[in-house]
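This structure is a prediction, so every number in the text was calculated from the model and none was measured.
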Amino acid sequence: MKANMGKRQIWVITVGCFLSYFLFGLIDNMKGQTLPALMDDVGCGYSIGGTIVFSEYTGFFIAAFIAGILADYFGKKSTLIIAGVCLTTGVAGYAGSTSLIMMSWFIFLIGLGLGMLELGGSNMISGIHDTKKTGYYLNLLNAFYGVGAVLTPVAAGAMLDSGLSWRKVYRISLAVIIPVLLYFILMKCPDEERTGKTAGGVRIGEVIRHISRKEVWMMFVFIFAYVAAEIAVATWFVEFLRTEKGVGGVQSAVCFSGYFVLMMAGRLAGSLFVDRVGHLRSLMIFTVAAIVCLSLGALGKAWMTWMLVFVGFGFSVIFPTATAIVSKIPSESPGTMLGIFFACGGLGGMAGPWLVGIVNEMFGLKSGMMVNVGYCVVMLMILIYLYRENNKKQQ
């Protein structure tokens, strides 16, 4: 695909990918800041709040799976346009819903849009830049997710504190979503991205053969556990600080923003070293950091609560670096393979906050936060195994 494009076109598409992840970070993390206000508004508990988030990641799961197939058949640009339409419809409907059923439906559409943004942006940027720098560009791409995620708690927290409802916060986000959608529509892509043709389409047998390899399905389990932990932390972060640690609304918003600042900083730094240090080694280092920070922040003394902010740094390079590993797996249907990978992440996004919500209600928010440590331990065990197997092959 790269051979058919000039430098200007490459950077126009790159900007589109960066915008997709900026929008992804902006909208994806709005739920964590607005969820306490939503629960107060509709009078629901933690388990219902977790179920609403579960609906979003049901959409994310479906999108991540079908977006890969759509990308292979119709081109990567189509997934970004569909994502923008789903987000516009979902956000407008979610902000105007008065029943939990309608909220669940419209946040499902939001999840559908977010899943397509994630796969479309990463799939496109992997195809137009040097494969030797995959880790660099994917970490840089995810840093733009961090930019959007940093702005959300600051802006949404300020609006909520000023007296605006959570519904108005979502409506205001349309002022960002619609212009980005227009950029996707106007963005020029190579001919093969617009003709609706792919080289041979999706080969199901070939995809199944790759998935059956131990190192591949273990990476799928890894991303399930990671996204479960990341989304659960982001969903319940503010509520944990306010209820369990007694942190005020403004301070909790600042902490949540700091979490994403460190996540963004980690991804910017990671873009410079993950390819040199090694992908698996980088993942192990940052997973251990996440476990330590989560454990100290949840179980430690009051002053250790700040360690939860540093979980963002521990999580920072994990998703883009794991994506770089999977994107280098030889396949004639790379979009579908990456889609299945993201779909496993979507399943984690469904299960993570939902399970933590139930644990929160049954045993308290501290126990719920420790569930995320369990997810990270599973990740570390997988990485240790893969690292050892990789060393055996190199000997």
Side-chain angles (χ1 to χ4, degrees), residues 16-17 19-31 51-94 103-127 138 141-142 145 148-149 170 173 177 180-181 184-185 193 198 202 207 211 220 223-224 226-228 230-231 234-235 319-320 322-323 326-327 333-354:
C17 295
L19 284 173
S20 73
Y21 266 60
F22 170 77
L23 186 60
F24 179 26
L26 193 76
I27 305 302
D28 186 34
N29 294 288
M30 198 170 290
K31 63 182 180 297
T51 301
I52 292 173
V53 178
F54 179 89
S55 299
E56 177 180 338
Y57 279 89
T58 301
F60 186 96
F61 164 72
I62 294 173
F65 185 73
I66 65 173
I69 298 174
L70 290 174
D72 283 334
Y73 274 119
F74 303 113
K76 302 176 182 71
K77 176 180 173 179
S78 66
T79 61
L80 295 180
I81 295 174
I82 296 170
V85 172
C86 287
L87 282 179
T88 303
T89 306
V91 167
Y94 185 62
M103 283 181 184
S104 297
W105 165 245
F106 282 114
I107 204 171
F108 168 86
L109 284 181
I110 292 174
L112 206 63
L114 294 175
M116 289 191 177
L117 277 182
E118 183 174 36
L119 184 127
S122 61
N123 203 11
M124 186 172 284
I125 207 166
S126 297
L138 286 172
L141 179 68
N142 278 268
Y145 171 93
Y170 269 93
S173 71
I177 296 171
V180 174
L181 171 58
F184 294 156
I185 294 171
E193 291 297 314
T198 59
V202 180
V207 171
I211 293 175
F220 288 174
I223 206 63
F224 171 91
Y226 168 70
V227 177
E230 184 196 324
I231 300 304
T235 300
F319 189 89
T323 303
V326 174
S327 68
S333 302
T336 302
M337 284 290 291
L338 205 57
I340 296 172
F341 176 72
F342 286 159
C344 290
L347 281 174
M350 292 161 59
W354 175 72

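- Residues that satisfy the side-chain contact (heavy atoms from CB on, under 4.5 Å) test with Leu181, not counting sequence neighbours, are Ile81, Val85, Thr88, Ile185.
- Residue Thr235 holds its OG1 atom at 11.5 Å from CD1 of Ile52, rounded to the nearest 0.5 Å.
- Atom OH of residue Tyr21 and atom CG of residue Leu114 lie 11.0 Å apart, to the nearest 0.5 angstrom.
- Side-chain contact between Thr58 and Trp354: absent, with no pair of heavy atoms (C-beta onward) separated by less than 4.5 Å.
- With hydrogens and angles ignored, the 3.5 Å screen pairs no side-chain donor or acceptor of Tyr170 with any backbone N or O of Ala92.
- Taking the ring pair (Phe, Tyr, Trp, His ring centres under 6.0 Å) definition, one finds that Phe224 meets it with nothing, sequence neighbours left out.
- Shortest non-hydrogen contact noted between Gly113 and Ala83 is O-CB, 3.3 Å.
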Apply side-chain contact (heavy atoms from CB on, under 4.5 Å) to the pair Met30 and Val91, showing each step before the final yes or no.
CA-CA 11 Å; Met30 198 170 290; Val91 167; over 6 Å; no

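- The side-chain hydrogen bond (donor to acceptor under 3.5 Å, both in side chains) test applied to Tyr145 returns Asp28, Asn29, not counting sequence neighbours.
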Determine whether Ile223 and Val326 satisfy the following criterion, side-chain contact (heavy atoms from CB on, under 4.5 Å), listing intermediate values before the conclusion.
CA-CA 10 Å; Ile223 206 63; Val326 174; over 6 Å; no

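- One finds the CD1 atom of Ile27 at 4.0 Å from the CD1 atom of Ile177 (value rounded to the nearest 0.5 Å).
- Between Phe60 and Phe24, the ring-plane angle classifies as parallel under the 30° and 60° cut-offs.
- The structure places OG of Ser173 at 7.0 Å from CG of Leu26, a figure rounded to the nearest 0.5 Å.
- In this view, Ile82 and Leu70, Cys86, Met116 satisfy the side-chain contact (heavy atoms from CB on, under 4.5 Å) rule, not counting sequence neighbours.
- From Thr89, atom OG1 reaches atom CZ of Phe106 across 8.0 Å, with rounding to the nearest 0.5 Å.
- The ring pair (Phe, Tyr, Trp, His ring centres under 6.0 Å) check on Phe319 picks up Phe342, with sequence neighbours excluded.
- For the pair Gly121 and Cys17, the tightest heavy-atom approach, listed with the atom from each and the gap, is O-SG, 3.5 Å.
- Nearest approach of Pro353 to Gly348, heavy atoms of both residues: CD-O, 4.2 Å.
- Taken to the nearest 0.5 Å, the CG atom of Leu109 stands 11.0 Å off from the CD atom of Glu56.
- Checked against side-chain contact (heavy atoms from CB on, under 4.5 Å), Ser55 has the following partners two or more places apart in sequence or in another chain: Ser104, Ile107.
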